[in-house]
2 protein chains.
Amino acid sequence: MNYTYRHARPAVTADCVVFGLDEEDLKVLLVQRGQEPFQGHWALPGGFAVVGEALEDTARRELAEETGLKDVFLEQLYTFSDPQRDPREHVVTVAYYALVNLSDHPVQAATDARSAAWFCIDDIPKLAFDHDRILQTAYERLRGKITYQPIGFELLPEKFPLRMLQGVYEKILDRPLDKRNFRKKILSMEILEELDEIETDVGHRAARLYRFNKRVYDDKVKQGFIFEL
Amino acid sequence: MNYTYRHARPAVTADCVVFGLDEEDLKVLLVQRGQEPFQGHWALPGGFAVVGEALEDTARRELAEETGLKDVFLEQLYTFSDPQRDPREHVVTVAYYALVNLSDHPVQAATDARSAAWFCIDDIPKLAFDHDRILQTAYERLRGKITYQPIGFELLPEKFPLRMLQGVYEKILDRPLDKRNFRKKILSMEILEELDEIETDVGHRAARLYRFNKRVYDDKVKQGFIFEL
DNA sequence: GCAAAAGTGTTTGCTCTACACCCATGT
DNA sequence: ACATGGGTGTAGAGCAAACACTTTTGC
């Protein structure tokens, strides 16, 4: 079954850069390609656009199909349209980036023939197509955005100690932060709920757990509040 | 001459939100549609992607063809892919925004059958397709970006007095700024060249002219400088 | 000489930074 | 008791905000 148009059309795809964080580093989820071109190479999860489906939905669907991840934080990153970026033909890709917490999503086994795995951000193999460039763009966006949008929480479990939140910022910005200043700043925003719970299974004093309160945050934004670390 | 593919493909377009500034207000460049759908409605300049051409080039080419504008500051804004955004079929549009100074580009006569005109940002007619939404997104981006990227200069002539630069910020942020603090802040960045020229044709004391020095700015950025108003 | 905008300094308060110690818990 | 991180206060520096007057020029 073929489709015919009066003018040539570029193909359209959606690709996802999925960031995850564990106790050590920032990681990226990659899939191994099962077909040419770049068979066997690692690549960003993604796939071809479907007529009638918004590209964000395409991105989510392909992500679920290829890696099992669902219901993640996902935002559009950038659209790459260099005619040479795919050796076969002109393929325009709309790239998205996703943030997930690795404790809820441990190294996923492959769900179809392909395998998927998490890679440390400083230890990424050569990727298929221009996916290196897309990944780099995503990483820059993440670094830029995390200081003025409350997206760091997306990399953590729902309930987290402040140390862990600080770790998110330190790992992504790649510099140490002063503990007391960090706490003062983030708590003074009053967008975290202090819970009546503490950590478990730690070999020292257990820290209090907090939860990001999106409702309160959205209210404050409406009143002119601007998140900034 | 037709083109056939094994899978259905959405059409791809590039649209431009062109902002211009004069002594009074922020304006947007619109074109009147000559064909259905939305014949006679005002719309953003733009057109269909061409295989083998990067979408930014498509945007620039269509902008020049429809409005005569060339060599403008242009950045990608967002990609809109709602399947219902075009009543005919699924059309994915990659939107760009451009900044030009209106003194160099006065109200352009139409270059082909269509007419093009500048509209004040608070007095925009109902636009074709989802172009209202695209315009709104672009305006939000402009407001956000102008405080942390040196893009305000793109709306001014090459040589400008500080009052005019302050006007850019006041009109886009839509709030008054303190004259002395503004001058102190912007001059302390040392990215403006103080010229040996002054305004002409003003009915009062003529102000000194300045020029944005992109080379110096780029150098400073490499050394960690961050523009912020 | 008057209108209109250019240009210039200082004070005040606040926010960011840097820094050190005691506390609670598990082993 | 000791090791590990949890949790807290304060002083100083630097930055941002608020504010008023003198100067220059054109008409």
Side-chain angles (χ1 to χ4, degrees), chain A residues 21-24 103 146-148 152 156-157 159-171 173-211 220 224-229, chain B residues 21-24 103 146-148 152 156-157 159-171 173-211 220 224-229:
Chain A
L21 197 80
D22 62 16
E23 292 288 336
E24 286 82 42
S103 45
I146 200 166
T147 63
Y148 65 91
L156 295 176
K159 303 170 180 181
F160 53 85
L162 291 181
R163 162 183 41 79
M164 225 183 244
L165 184 60
Q166 183 175 340
V168 170
Y169 282 88
E170 291 183 329
K171 281 165 199 150
L173 300 177
D174 205 24
R175 65 184 157 94
L177 298 174
D178 182 272
K179 179 169 66 165
R180 281 181 285 188
N181 294 336
F182 177 82
R183 284 163 175 255
K184 242 181 299 179
K185 188 73 182 279
I186 200 86
L187 289 177
S188 72
M189 295 182 191
E190 297 181 303
I191 56 176
L192 295 186
E193 272 177 83
E194 183 174 320
L195 301 177
D196 292 328
E197 289 178 67
I198 56 172
E199 288 181 290
T200 53
D201 301 323
V202 284
H204 51 77
R205 177 177 173 184
R208 179 175 294 280
L209 296 180
Y210 290 81
R211 178 164 53 194
K220 295 189 87 132
F225 171 77
I226 294 179
F227 178 96
E228 176 149 28
L229 180 79
Chain B
L21 197 80
D22 63 15
E23 291 289 337
E24 286 82 43
S103 46
I146 200 166
T147 63
Y148 66 92
L156 294 176
K159 302 170 179 183
F160 52 85
L162 292 182
R163 162 183 41 79
M164 225 183 245
L165 184 60
Q166 184 175 340
V168 169
Y169 283 88
E170 291 183 329
K171 281 165 197 149
L173 300 177
D174 205 23
R175 64 184 156 96
L177 300 174
D178 181 272
K179 181 168 64 161
R180 282 182 285 190
N181 293 337
F182 178 81
R183 285 164 173 255
K184 242 179 301 177
K185 188 74 181 278
I186 200 90
L187 289 176
S188 71
M189 296 183 192
E190 299 181 302
I191 55 175
L192 294 185
E193 270 178 85
E194 182 174 322
L195 302 176
D196 292 328
E197 288 178 69
I198 56 172
E199 289 181 289
T200 53
D201 300 324
V202 284
H204 51 75
R205 176 175 175 185
R208 179 175 294 280
L209 295 181
Y210 289 82
R211 177 164 53 194
K220 296 188 87 130
F225 172 76
I226 295 178
F227 179 96
E228 174 146 31
L229 179 77

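As the structure is a computational prediction, the values presented were derived from the model and not from experiment. First the proteins, then the strands, lettered A, B, ... as listed; each starts at 1. For the numbers below, each heavy atom of this structure counts, side chains included, while hydrogens, waters and symmetry mates do not.
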End-to-end axis angle, where each axis spans five pairs of the helix from C:dG1-D:dC27 to C:dT15-D:dA13, to 10°: 20°
- prompt: Which residues pass the salt bridge (Lys or Arg N to Asp or Glu O under 4.0 Å) test with A:Lys185, sequence neighbours left out?
  reply: none
Atom pair distance, as rounded to whole Å: CD in B:Glu194 and C1' in C:dG7: 11 Å
task: List for me each residue that meets ring-ring contact (aromatic ring centres under 6.0 Å, His included) alongside A:Phe227, sequence neighbours excluded, and say none if there are none.
output: none
message: With a strict under 4.0 Å distance from non-hydrogen atoms of chain A, what nucleotide opens and what nucleotide closes the contacted stretch of DNA chain D, reading 5' to 3'?
response: D:dT4 to D:dT10
- request: Any chance you could measure B:Glu170, atom CD, to B:Leu165, atom CG, to the nearest 0.5 Å?
  value: 10.0 Å
task: Applying side chain to side chain donor-acceptor pair (under 3.5 Å), name anything that partners B:Arg180, two or more places apart in sequence or on another chain.
output: none
message: Restricting to ring-ring contact (aromatic ring centres under 6.0 Å, His included), what partner residues turn up for A:Tyr210, sequence neighbours left out?
response: none
Side chain to side chain donor-acceptor pair (under 3.5 Å) against A:Glu194, all qualifying residues, sequence neighbours excluded: A:Arg208
query: With a 4.5 Å heavy-atom cut-off, do B:Leu229 and B:Ile146 have their side chains touching?
result: no
task: Mind checking the NZ-CD1 spacing from A:Lys159 to A:Ile198? Nearest 0.5 Å is all I need.
output: 12.5 Å
query: With B:Asp174, which residues qualify under side chain to side chain donor-acceptor pair (under 3.5 Å), at least two apart?
result: none
Protein-nucleotides 22-27 of chain C N/O pairs closer than 3.5 Å?
from	atom 1	to	atom 2	distance (Å)
C:dA24	O4'	A:Arg205	NH1	3.4

task: If a protein heavy atom is under 4.0 Å from the base, mark B; if only from the sugar-phosphate, S; if neither, -; do that for nucleotides 12-21 of chain C going 5' to 3'.
output: ----SBBBB-
field: Interatomic spacing from NE2 in B:His204 to CD in B:Glu199 - rounded to 0.5 Å
entry: 6.0 Å
- request: Under the side chain to side chain donor-acceptor pair (under 3.5 Å) rule, collect the residues that match up with A:Lys179, sequence neighbours excluded.
  value: none
task: Name all residues meeting the salt bridge (Lys or Arg N to Asp or Glu O under 4.0 Å) criterion together with A:Lys220; count only those two or more places apart in sequence or in a different chain, and write none if there are none.
output: A:Glu190
